[in-house]
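Everything numeric here is computed off the predicted structure, so don't read it as measured data.
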Amino acid sequence: MEEPSLNDKHMAISTTVVQDWIQKSLEIKFQEEFQHDVPAEDVICSDFYADQMQDANYVLWQATNIAKVHCTFSITIEELNTTHLLLDINEGEKYITIYKGTHNLTLSNVFSIAIQKQEGEMYKGRCIIQLNYLLPSSEIDLFHRPVCCLVKEKIKCTEVSPSKDRRIRVIQIEDKNVTLRNVHIFIEGCIEVKLKKQNGTFCSTYLYFDDIISAWLCLTGKSKVECELAHSHCECYVFKKQHKRNYSFFAIVSLCLNVMAVEEAVVCINSKDLQNRNEF
């Protein structure tokens, strides 16, 4: 009889076990109407540098053809020959003191952001400005078909069917009776739509959708239902309806989801621990 190794022992590992897995395809069609304005978003990234000879404010951003906007603003000062700088908001309406390093700000009713120049100052850095505003429909180029994409991190799946009320179906798989239970899953998400403006630049708007799907899975009372996005495709159109003043976004979103029944389990395995032992 073979003697066990001194280093043989059992190891228990907690892991997630997939009990059942199917792929579910669905197509969601939806529309959203707008009359005057469209919620829009722009993201502006830029590096900046000002030497001691510059005698004017350094304009980081200034509105053109849009009203005051809401923005989140991140600025990093990498080099600075003085103790601090002053951010000029709305051409002198408000000043914010910033220092070397990174600063994150949220600003409302903004139409310009600049760095106030003082004599002898030198600075270098970069900024990211996310602008949220209402884009007038007259500023949209309706002859340009919008480009859209699914915002994958916004896809969310939630089982909404009570576990006690699941319908049951018995089928045969490889000559064995298998009990399947019916689940309903609420799917929600959004797509990003790139709109072309009349001036040739682009901005983003977001359209939200939701739907409920039904699936039959092999699961127990301890199982959880989870979804993963396998692949997706979307199309978007913008047009004006006949006999109406409103414009409409019309979108078609195709999703392929991996729908899984999972359960937490403890797996025991034989393991060899390679730690040294004391010599006798």
Side-chain angles (χ1 to χ4, degrees), residues 34 36-142 144 146-154 190-208 236 238 249:
F34 63 96
H36 300 295
D37 303 310
V38 178
E41 177 184 289
D42 288 337
V43 177
I44 301 168
C45 303
S46 65
D47 297 322
F48 55 85
Y49 171 77
D51 59 26
Q52 297 179 1
M53 301 300 293
Q54 182 170 329
D55 57 0
N57 288 359
Y58 193 105
V59 178
L60 299 172
W61 170 78
Q62 192 163 23
T64 55
N65 299 328
I66 57 175
K68 292 183 178 181
V69 304
H70 174 85
C71 78
T72 54
F73 177 60
S74 176
I75 184 169
T76 300
I77 305 298
E78 298 170 342
E79 297 180 16
L80 180 63
N81 69 343
T82 184
T83 57
H84 65 275
L85 295 172
L86 286 179
L87 276 183
D88 181 347
I89 309 300
N90 293 348
E91 299 177 354
E93 182 179 296
K94 180 180 180 181
Y95 293 95
I96 299 175
T97 303
I98 57 174
Y99 303 90
K100 189 174 182 180
T102 299
H103 304 265
N104 297 300
L105 305 168
T106 300
L107 305 171
S108 298
N109 296 323
V110 183
F111 61 82
S112 72
I113 303 174
I115 298 176
Q116 188 182 56
K117 186 67 173 77
Q118 301 290 339
E119 184 178 353
E121 283 182 343
M122 185 281 296
Y123 52 84
K124 177 184 177 182
R126 61 184 184 274
C127 68
I128 301 174
I129 308 173
Q130 178 178 308
L131 306 169
N132 297 94
Y133 58 95
L134 293 175
L135 177 69
S137 56
S138 59
E139 294 289 325
I140 301 173
D141 183 354
L142 297 174
H144 183 273
V147 177
C148 66
C149 64
L150 184 74
V151 184
K152 295 181 179 180
E153 60 270 20
K154 294 293 186 179
C190 74
I191 60 173
E192 180 183 4
V193 181
K194 292 283 188 181
L195 296 174
K196 186 178 180 181
K197 301 180 188 178
Q198 294 287 0
N199 62 7
T201 62
F202 288 83
C203 66
S204 295
T205 191
Y206 294 87
L207 304 180
Y208 294 83
C236 185
V238 57
F249 288 112

What is the minimum heavy-atom distance between [X] and [Y], and which atoms define it?
X	Y	value
Ala114	Val59	CB-CA, 3.9 Å
Leu60	Ile129	O-CD1, 4.3 Å
Asn90	Asn109	ND2-O, 3.0 Å
Phe48	Cys127	CE2-N, 4.1 Å
Cys71	Leu131	CB-CD2, 3.6 Å
Cys190	Leu150	O-CD1, 3.6 Å

[X]: partners by side-chain contact (heavy atoms from CB on, under 4.5 Å), with sequence neighbours left out:
X	result
Cys149	Glu192
Thr201	Lys197, Asn199
Thr97	His84, Leu86, Tyr99
Gln130	Glu41, Val43, Thr72, Asn132

With a 4.5 Å heavy-atom cut-off, do [X] and [Y] have their side chains touching?
X	Y	answer
Ile113	Leu107	yes
Val147	Val193	no
Cys203	Tyr133	yes
Val69	Asp42	no

Who pairs with [X] by side-chain hydrogen bond (donor to acceptor under 3.5 Å, both in side chains), at least two apart in sequence or on another chain?
X	result
Ser108	His70
Thr76	Thr102
Gln62	Glu91
Asp47	none

What's the spacing between [X] [atom1] and [Y] [atom2] if we round to 0.5 Å?
X	Y	atom1	atom2	result
Lys196	Ile140	NZ	CD1	13.5 Å
Asp37	Glu139	CG	CD	10.5 Å
Thr83	Glu121	OG1	CD	8.5 Å
Leu105	Ile96	CG	CD1	5.0 Å
Ile191	Thr205	CD1	OG1	9.5 Å
Leu195	Leu135	CG	CG	7.0 Å

Using the test ring pair (Phe, Tyr, Trp, His ring centres under 6.0 Å), find all partners of Tyr206 that sit at least two apart in sequence or belong to another chain.
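For Tyr206 there are no ring pair (Phe, Tyr, Trp, His ring centres under 6.0 Å) partners, ignoring immediate neighbours.
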Only counting residues at least two apart or in another chain, list the ones meeting ring pair (Phe, Tyr, Trp, His ring centres under 6.0 Å) with Phe249.
Phe34
Enumerate the salt bridge (Lys or Arg N to Asp or Glu O under 4.0 Å) contacts for residues 94-109, please, sequence neighbours excluded, ordered by first and then second residue.
none
For residues 71-83, the salt bridge (Lys or Arg N to Asp or Glu O under 4.0 Å) pairs (sequence neighbours left out) are Glu78-Arg126
Counting distance only, does the side-chain N/O of Asp88 pair as donor-acceptor with the main-chain N or O of Gln116 below 3.5 Å?
no
Below 30° counts as parallel, above 60° as perpendicular, anything between as tilted: where do the rings of Tyr123 and Tyr58 land?
perpendicular
Trace of the side chain to side chain contact (heavy atoms under 4.5 Å, CB included) decision for Phe73 with Val110
CA-CA 11 Å; Phe73 177 60; Val110 183; over 6 Å; no
Start with the C-alpha gap between Ile115 and Asn57, add the side-chain angles, then the distance that decides, and say whether side chain to side chain contact (heavy atoms under 4.5 Å, CB included) holds.
CA-CA 6 Å; Ile115 298 176; Asn57 288 359; over 6 Å; no
